[in-house]
Amino acid sequence: TEPLSRLDMFEALLGEMNKVHPVVANMKSCSIDEVETIEGRPHDISMDCCKLISETGFSPRDIQTSCHEFVQAGCVKQ
């Protein structure tokens, strides 16, 4: 798996949504440092799944597949 940014994940979800119905999103890319939050947010949110896979045998799906299934399940409304 390759590291993904928050923007990469949003764009993957938006891409899957657009396959079902047109979606317009006014999104501006920025640093997490530019967003005010109550608690701090890490810059790197990537996770190494190797331990999870070796301990459980469970292998997470890629973001594209997850977003596709999320949209197909009707979790995103028009």
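Residue numbers run from 1 in the order of the sequence given.
Among all heavy-atom pairs drawn from Ile53 and Pro60, the shortest one is CG1-CD, 4.1 Å.
Within the model, atoms SG of Cys75 and CE of Met17 stand 11.5 Å from one another, a figure rounded to the nearest 0.5 Å. Here OG of Ser29 is found 11.0 Å from CZ of Phe10. Values are rounded to the nearest 0.5 Å.
Residues Arg6 and Ile32 have side chains in contact (heavy-atom distance under 4.5 Å, counting atoms from C-beta outward). Proximity of Glu69 to Arg61: side-chain heavy atoms (C-beta onward) are separated by under 4.5 Å at one or more points. By the 4.5 Å heavy-atom criterion applied to side chains, Gln72 and Val20 are counted as neighbours. Side-chain contact between Phe70 and Leu13 is present, with heavy atoms from C-beta onward closer than 4.5 Å.
Residues forming a side chain to side chain donor-acceptor pair (under 3.5 Å) with Glu16 (at least two apart in sequence, or on another chain): Lys19, Gln64, His68. By the side chain to side chain donor-acceptor pair (under 3.5 Å) test, Asn18 is found to be paired with no residue, residues two or more places apart in sequence or in another chain being considered.
Among residues at least two apart or in separate chains, there is no salt bridge (Lys or Arg N to Asp or Glu O under 4.0 Å) pair with a member in residues 26-35.
A side-chain donor-acceptor contact under 3.5 Å links Ser66 to the backbone of Asp62.
For CD of Glu39, the number of neighbouring non-hydrogen atoms (other residues, nucleotides, ligands) closer than 6.0 Å is greater than 12.
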